[in-house]
Number of protein chains: 2
Amino acid sequence: MRENWSVEEIVGRFKDRGMRMTPQRMEVLRLLTEMSHPTAEQLFEKVHARFPFVSQATIYNTLRALKEIGVVAELAGGGQRVLHYEMASGERCHFTCRSCGQIRDVETDEPPIAKDLPKLHGSYRIEDYRLELFGVCPECAEGT
Amino acid sequence: MRENWSVEEIVGRFKDRGMRMTPQRMEVLRLLTEMSHPTAEQLFEKVHARFPFVSQATIYNTLRALKEIGVVAELAGGGQRVLHYEMASGERCHFTCRSCGQIRDVETDEPPIAKDLPKLHGSYRIEDYRLELFGVCPECAEGT
DNA sequence: CTATATGCAAAGTTTTTGCAGCGAA
DNA sequence: TTCGCTGCAAAAACTTTGCATATAG
């Protein structure tokens, strides 16, 4: 999967589906590369700070649109009931700090379970996975 | 971790925290062993069918209480925005069917990543993990 | 012109809270 | 008689929808 997305590529994906790039969508994309796994609400706050006329609905619509074209991914894990978003980098492993709640991508040279999947489940067709790690991040460990 | 829980044990855990076992909580526990990864709402429907006076709030309170004493676990994965619940069997791997949405425990002889965790993340203290698998279950694969 | 996006507000879902009363220790 | 649990209803948190307008192609 991808690590970085070019604007042209994203615009292309939109066009393929008869959808358009807009300033609102650009801003959401920009923020997604700057922020670490923001929620829809966090994105709304940031966008709204710069463009006060932008509405919540647009944020949610935008996120749904970006999800549909495969450019952003939704994170549901972490015991949180709020959804977090990120650029779809193909990272399937995340670490959530139980103390401060921050989420970080975990880079694994080789997806640790990917190679075991086929033999694990005969009749089940496994198409994807997500690995969520929980614990304490260095900053919080130090603080205690 | 545990595979089966005795009522005495659960009552004991409640008592340790000054909490009580109640008929409502018993019923929720019973349903959790019968149903496969129900949501709070599904549990409410079932409980309400037998005991029409039981309220939603009690279901949620009960689930929170059971979660606190470590007897039930909450599943947030699957892109669903609804939480699912199960007896805390210690199973950390689940399969979600993308077609019918059913969730199944996946028994792994040996947690596939557990052994790799320590070396993966030097300064991060990993205390637990959850592995979510996505794909198509045999029933749905046959149907298509 | 036509179809897609937007803003606004309102409604929808899922979960939590406040409070008075009840019941177990 | 104290403290936790319950039901009820209302609120909160998060997300989606309906509709009229605006705007790109």
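We name chains A, B, ... by the order of the sequence lines, and we start the count at 1 in each one.
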**Q** May I ask you to verify if any side-chain N or O of A:T39 is less than 4.0 angstrom from the OP1 or OP2 atom of D:dC14?
**A**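 False: A:T39 side-chain N/O out of range (4.0 Å or more) of D:dC14 OP1/OP2.
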
**Q** Please check if any side-chain donor atom of B:E132 sits under 3.5 Å from a side-chain acceptor atom of A:Y129, or the reverse.
**A**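 On atom types as modelled, these side chains do not qualify, holding no pair under 3.5 Å.
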
**Q** What about the rings of A:H94 and A:H84, do their centers lie closer together than 6.0 Å?
**A**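 Ring centres of A:H84 and A:H94 not closer than 6.0 Å.
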
**Q** Would you kindly give the CD-to-P distance between B:E68 and C:dT16, to the nearest whole Å?
**A**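 These atoms are roughly 11 Å apart.
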
**Q** Run through B:K46, B:Q42, B:M26 and flag the one making a side-chain contact (heavy atoms from CB on, under 4.5 Å) with B:L31.
**A**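 Result: among B:K46, B:Q42, B:M26, B:K46 is the only option passing the side-chain contact (heavy atoms from CB on, under 4.5 Å) with B:L31.
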
**Q** D:dG4 phosphate, OP1 or OP2: any side-chain N/O from B:R17 under 4.0 angstrom?
**A**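 It does not, given that no N or O in the side chain of B:R17 lies less than 4.0 Å from OP1 or OP2 of D:dG4.
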
**Q** What integer distance in Å separates A:E27:CD from C:dT6:P?
**A**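 Atom CD in A:E27 sits about 13 Å away from atom P in C:dT6.
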
**Q** Tell me which nucleotide among D:dT6, C:dA5, D:dT16 gets nearest to the side chain of B:R81.
**A**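 Looking only at heavy atoms from C-beta outward on B:R81, the closest nucleotide is D:dT16.
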
**Q** Atom CG of B:D105 and atom CG of B:L75: how far apart are they, to the nearest 0.5 Å?
**A**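 If we round to the nearest 0.5 Å, B:D105:CG and B:L75:CG are 8.0 Å apart.
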
**Q** Between atom CD in B:Q24 and atom C1' in C:dA24, what is the gap in whole Å?
**A**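 Spelled out: CD on B:Q24 to C1' on C:dA24 is 13 Å.
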
**Q** Above 12 or not: heavy atoms from other molecules or residues under 6.0 Å from CD of A:E41?
**A**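 No, not enclosed.
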
**Q** Within residues 41-61 of chain A, which residues have any heavy atom lying less than 4.0 Å from an atom of DNA chain C?
**A**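 A:F53, A:V54, A:S55, A:A57, A:T58 - these, ordered by number, are the residues of the stretch whose heavy atoms sit under 4.0 Å from the strand.
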
**Q** Is the base of C:dA3 touched by the side chain of A:R20 through a donor-acceptor pair closer than 3.5 angstrom?
**A**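 A donor-acceptor contact between them is present.
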
**Q** Hey, does the side chain of A:R64 come within less than 4.0 Å of D:dT15's phosphate (OP1/OP2), counting only N and O?
**A**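 For D:dT15, OP1/OP2 do not have a side-chain N/O of A:R64 under 4.0 Å.
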
**Q** Whole angstroms only, please: what is the NZ-C1' distance between A:K67 and D:dT15?
**A**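 It works out to 10 Å between those atoms.
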
**Q** For the pair made of NZ in A:K15 and C1' in C:dA3, what is the distance, rounded to whole Å?
**A**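 From A:K15 NZ to C:dA3 C1': 15 Å.
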
**Q** Closest to the A:M19 side chain: C:dT15, C:dA5, C:dT17?
**A**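 For A:M19, the side-chain atoms sit closest to C:dA5.
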
